[in-house]
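Notes follow once the structure below has been shown.
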Amino acid sequence: MARPRQAATLGWRLVLPLALVVLWVGLSQVLTSPSAKMMLPPPEAVGGAAAQLALTVHPLFGMPPLLVHAAHSLERLALGYLAAIAVAVPLGIAIGYFRGADTYVNFLVQAMRPISPVAWIPLALAWFGVGITTVVFIVFYGAFFPIVANTIAGVRGTSRTYVRAAVASGCGQLRILRRIILPAALPTILTGMRVGLGVGWMSIVAAELVGTQSGLGYLISEARFHLDIESVVVGMLAIGVLGVLSDRGMRWLQTVLVPWQPRA
Amino acid sequence: MAPMRWPRRTLLVLILLAVWQWVVPHIVTTGPAFFPLPADVADGFTSLLGSARFWRSVVTSVGRVLAGFTVATAIGVVLGIAIGVAPRVEAFVDLTIEMLRPLPAMAWIPIAILWFGVGDVSSVFLVALGAFFPIVLNAAAGARTTARDYGKAALTSGAGPWLRFRRVTLPGALPWVLLGCRVGLGVGWMVIVSAEMVGAQSGLGFLIMEARSFARIDWVVACMIVIGLIGIGLDSTLERVQRRAAPWWGRVAA
Amino acid sequence: MAVKVEAVGVGKRYDGRRPSDAIVALRDFTLQIFAGEFLAIVGPSGCGKSTFLNAVAGLERIDEGRLFMDGVPITKAGADRGVCFQDFALFPWMTVRENVEFSLEAQGRPRAERREIARKYIELVQLSRFEDRYPYELSGGMKQRCALARLVAGDPAVLLMDEPLASVDAQTRLILQNEILRIWGENRPTAQRKTVIFVTHSIDEAVFLADRIAVMTSRPGQLKEIVVNPLPRPREERLRGEPTFSRLTMDIWDLIRDAAVKAIET
Ligand SMILES: Nc1ncnc2c1ncn2[C@@H]1O[C@H](COP(=O)(O)OP(=O)(O)O)[C@@H](O)[C@H]1O
Ligand SMILES: [Mg+2]
């Protein structure tokens, strides 16, 4: 009994989003006092702010400010995230594969894990000051744990039968790692990378709220400071859109790198 | 091998701490204000544990997290199960949920401050927002999976809708709900620390930022450890609930 | 003999994403099952056996033809038709006793009575020591016995079993076959027996258990032949060695071999 997904339900699915938009427009028509406008900016004000931020070239940057902030956020995200992958995947493989690494390294990793990336922000600020390094570090830290945990799980979850079959056909250790364990663990690792990217986004916003002078997190924090709610909303929309796009990208990567995995 | 693990691990930690205390300062020369030494952290810890302000902060933060988590659970479980059992409800809300979900709760901090001011209300709102999505999505998946795997068996036993809901849908979805609650509480704990750093005059997040601005790195590190410990405490409480409420969960399916 | 379940020209189509993906699972399927009869259905895999069983259970709507129980069209699931699923579908959150009690709970029986009836059936399948265990604590054979007890506890007139022994080991299967005959009521007069529709892919299982064996064609499933089983009741283990037993098994295999080979290859 398939769930109804026909065109007939599309109208029904649109009811709530449209109702919310209508409510927004309606309320902003009714509530016109300056204090109300500061709580609930009318759509055209948000549109204006979006145009201002995304289209008007900033005299200092030579580019529209929204693009500058987005570019800064993405750059930090990419740096921290790639660094997390570069460290977490080899480490996870080592922990999953070698008993020594499991005994002496894994418990240290597990001990650090409960301290959330957000809690590191003050220390990172003290170490690296306000700026890119702090944010990159927080992203790195946030993305690191899901990736390492999934890598360990993926390596450990590799069926012993596969390994035995490989040994029986005369494979050496390295080849087993490369041809059996890595491919078998890859789907799990990619899942960890996807979760890590999500945590990375949370971390970057949190870090930029307090730890930088640029980036989308800084943009909304600063706009809030100036009671400029329109720009806050525009910044939030930008964060949401980039979050969706990066998650889609990861999903696409999953289908490309793991073609043998049945799609959900 | 196994019995030797923990003595060796302890030894390893002691060596690391010793290197940190006595060797690192000779290499890194920026001074202990930036690089807290184990002994300083221990001192900071002691003075922190003795201060009433610290304990008030802990109570404030945990209270806010639990309040927001309760709101998120109440709404998320009801809505999630409705989504899982009724395709109409799912179709009604899924676009909205999919549009709101990608935005991390931290991105709501500025607007929450504008809406609710600095303090409890915005903190609770942000925690609820962060915890809501894992809870609602897991509850929906649980109800849906239960209907798929056990709905036929329930129907052919002649059970009516209410009995099916009470004895099949709810218990079947329970482990999923609890899983969502664990994830949600973890997110909520992260969110509250972040929210208090920016938008509160109280709580652990505020305290740790304040310690940093007074250059009390020993307190900063002590607060981090406390934040980690509370996180463990919250999660293991729910884990225990999960184990007791659903002992069959994660075992070979029946 | 009274007709208990009757299928007349039943057709069932599963719509795919595109019209060309549609699968015709059953076409013009006609079959009568008598009250108190043990009827087995065999056929190549994917020929629509489960589809038919689910339709009788009221879990799947049919597109063509008609389906009756006691002369009344089947429209929805009901307690008068119990189903035993291949993967058991025991509720993991209920103990053995609660699982067995569930259909009695659905009938609104008082607790004490429920207990008593459940205890009787749990004893019948020899699970008394495991009454308060959860399904994950049981072996495959024990799960199957629990599913059998749950199946009959609500006293349905018709038992629908979909490859119930497919996932237990070969020896347990032989033992459970006898148990199924006992639960069905082999030792009772026909009027007091339940009606069983038993889907299996194992031909000798069908021959050992059934009064009649319905052989289906490959998809779209139609009735190819009904084989009446001459073996005497009660069925005893030694029958498995009889020439009649082997000959019947071979005859039925001859009927489905080509279709079965085709089913693996496609
Ligand atoms: N829910 C469904 N949706 C689409 N096709 C189905 C569905 N259930 C069964 N089928 C198809 O219908 C055919 C008959 O299935 P089934 O009755 O399960 O066969 P059997 O039990 O004899 O192996 C198969 O080809 C199967 O793929
Ligand atoms: Mg089948």
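Here is how names work: the chains are called A, B, and so on, in the same order as the sequence lines, proteins then strands, and each is numbered from 1. Atoms considered below: every heavy atom in the structure, side chains included; atoms not considered: hydrogens, waters and symmetry mates.
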- Other residues, nucleotides, ligands: >12 heavy atoms within 6.0 Å of C:R188 CZ: yes
- Item | Side chain to side chain, C:P135 and B:W248, heavy atoms closer than 4.5 Å | no
- Message: Does C:Q171, at its CD atom, have more than 12 non-hydrogen atoms belonging to other residues, nucleotides or ligands within less than 6.0 Å?
- Response: no
- Does CZ in C:R182 sit with more than 12 non-hydrogen atoms of other residues, nucleotides or ligands closer than 6.0 Å? yes
- Item | Residue selection (most heavy-atom pairs with chain B, distance under 4.5 Å) from C:N54, C:V83, C:L104 | C:V83
- Item | Top contributor to chain B interface from C:Q107, C:R150, C:E137, C:M94 [non-hydrogen pairs under 4.5 Å] | C:M94
- Is any residue of residues 154-169 of chain B within less than 4.5 Å of chain C by heavy atoms, and which ones? B:A154, B:L155, B:T156, B:S157, B:G158, B:A159, B:L163, B:R166, B:R167, B:V168
- Task: Check whether more than 12 heavy atoms from other residues, nucleotides or ligands sit under 6.0 Å from atom CD of B:E239, and answer yes or no.
- Result: yes
- Message: Once you measure the plane-to-plane angle for C:W93 and B:Y150, does it fall in the parallel (<30°), tilted (30-60°) or perpendicular (>60°) bin?
- Response: perpendicular
- Message: Less than 4.5 Å to any heavy atom of chain C: does that hold for the side chain of B:A153, its backbone, both, or neither?
- Response: both
